[in-house]
Amino acid sequence: MTIGLEDGASLPPATPATAAIDVAAERARTAGALGRRYFNAAGAGLMSDAVLERTIRHLRLEHGVGGYEAARAMADEAAELYETAAALLGAAADEIACFDSATSGLRSIFDALRLGPGDTVIAPRSSYVSQALRLLAMKRHAGVRLDVVPNDAAGGMDLEALERALGQATGRVVVSAVHVPTSSGLVEPVAAIAALARDRGALTVLDATQSVGQIDVDVRAIGCDALVTTGRKFLRGPRGTALAYLRRGVLDGLGTWAPDVRGAVWTSADEWTTDRTARQLETWEAAVAARLGLGVALREALDRGMAATEAHLVRLGAGLRGALAAIDGVTVADPPASPSGIVTFTVAGLPSNQVVGRLREARIDTIAIPASHAQWDLGTRGLDSVVRVSPHVYNDEADVGVLLGRVAEIATEATAR
Ligand SMILES: Cc1ncc(COP(=O)(O)O)c(C=O)c1O
């Protein structure tokens, strides 16, 4: 189908899987998708009406009967979240833990790994700011060796360089891998990364914040030891929610620096016992209403089907990339290995935040990603910032056509100035 550019740029044909996404139905149950073209799922995806309703209903119950009493009444449903998350990720329920952000999940996992002087963390250039800063702080304050692996020509982690880094690593070795970064549509070769790490006896902790909900993610197929994702992005849950997977085999080796009532029992003056499930890393306090809302979002993702969602988003992303590249003054900023739904670009002569502002005037929501969110990626590629476009199942070709038309106008005006 043509998407509105005069040069005839078009989206790839729909496959049977993409046909399974009923965009009109998705929009009908997502109030935020009406009246605007929302392309910021990689920031915070639009919640469905049912997710919102579930969250508010629990807040009302807390308001009416008290927070602890409300949680007790909904204990079974809260427990179901672990089953649903496990089904989505191909894990077991006791391997799932809940957090309030991907950053706090990664922080807790790396705390519990208790790396020290001479141990090594290997990271990709695609690392997100909070994890990169965490690793730099571990290097500065705890004497942990940090090896940032270069990219190959396709823009993903260079597997030969990774093999060399693993060969040179000292002490306990952890690969801090990324599936899809914040700063481009790149999809890292995570199964190959985890396999190389495993051969060396290293653990792989995967940041899947931008992939879960967008791409069909199976932790056993990937072979990672731990995974973290956030609830608010492609999963379309409420803000302040996140999930982690910890493989059973790694749970016994963990030792958090900060045991809490939820994951530990204080048994005597100097002793405590630790929950043997992934929940050992959780804290007692949690936004129960938001987690119940996340449960609804996860069930919606499963019902819709991750293969169909992935096919829809990948197709929109490929169409966007091809059409953007054909617009004068626009440069697609994604590396070659970018088959995901996230698309990044720059406009000659106009800073990315101004492009985003101009799009917003037309009720088209995108976001600018500055180099300070991805120094090892955007910084080393010499990009100050990029415009990031991230569709979801409530977006279709018509939305894409409107976005492209407006970008073309903005690019023409920018070059005429
Ligand atoms: C790749 C990636 N990892 C981690 C994060 C951090 O997620 P959170 O804000 O939930 O901590 C982000 C947020 O944008 C991200 O894009």
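Counting starts at 1 for both ligands and their atoms, in listed order.
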**Q.** Short N or O distance, Arg388 and ligand 1, threshold 3.5 Å exclusive
**A.** no
Q: Determine yes or no for a side-chain-to-main-chain donor-acceptor pair under 3.5 angstrom, with Asp334 supplying the side chain and Thr344 the backbone.
A: yes
Q | Contacting atoms of ligand 1, where contact means under 4.0 angstrom from a heavy atom of Thr230 | A | 10 (O)
(Q) Counting only heavy atoms, tell me which of Ala102, Gly240, Gly43, Ala42 gets closest to atom 8 (P) of ligand 1. (A) Ala102
Q: Please check if atom CG in Asp76 has more than 12 non-hydrogen atoms from other residues, nucleotides or ligands closer than 6.0 Å.
A: no
(Q) Give me the residue, atom name and distance of the protein heavy atom closest to atom 11 (O) of ligand 1. (A) Thr103 OG1, 2.5 Å
Q | Heavy-atom nearest neighbour in the protein, as seen from atom 14 (O) of ligand 1, with distance rounded to 0.1 Å | A | Lys233 NZ, 2.9 Å
Q) Which atoms of ligand 1 are found less than 4.0 Å from any heavy atom of Thr182? A) 1 (C), 14 (O), 16 (O)
(Q) Quick one: does any side-chain atom of Glu95 pair with a main-chain N or O of Tyr245 as donor and acceptor, under 3.5 Å? (A) no
(Q) Please state which option from Asp207, Val129, Val180 has its nearest heavy atom closest to atom 2 (C) of ligand 1. (A) Asp207
Q: Considering only non-hydrogen protein atoms, determine which one is nearest to atom 9 (O) of ligand 1 and report residue, atom name and distance to 0.1 Å.
A: Arg232 NH2, 2.8 Å
Q: Spell out, as yes or no, whether a donor-acceptor pair under 3.5 Å connects the side chain of Ser385 to the backbone of Pro370.
A: no
(Q) Looking at ligand 1, would Gln131 count as a contact under a 4.0 Å heavy-atom criterion? (A) no
Q. Looking only at protein heavy atoms, which one is nearest to atom 16 (O) of ligand 1, and how far off is it?
A. Gln210 NE2, 2.9 Å
Q: Would you mind checking which non-hydrogen protein atom is closest to atom 15 (C) of ligand 1, with the distance to 0.1 Å?
A: Tyr128 CD1, 3.4 Å
Q.
Run the side-chain hydrogen bond (donor to acceptor under 3.5 Å, both in side chains) test against Asn395 and tell me which residues pass, sequence neighbours left out.
A. Asp399
Q. Do we get Arg279 above Tyr82's six-membered ring, with its NZ or CZ under 6.0 Å from the centre and within 45° of the axis?
A. yes
Q. Where on His373 is there a heavy atom closer than 4.0 Å to ligand 1, on the side chain, on the backbone, on both, or on neither?
A. neither
Q. Donor-acceptor pair, Thr256 side chain versus Ala258 backbone, under 3.5 Å?
A. yes
Q | Partner set under side-chain contact (heavy atoms from CB on, under 4.5 Å) for Arg29, not counting sequence neighbours | A | Glu26, Glu300, Arg304
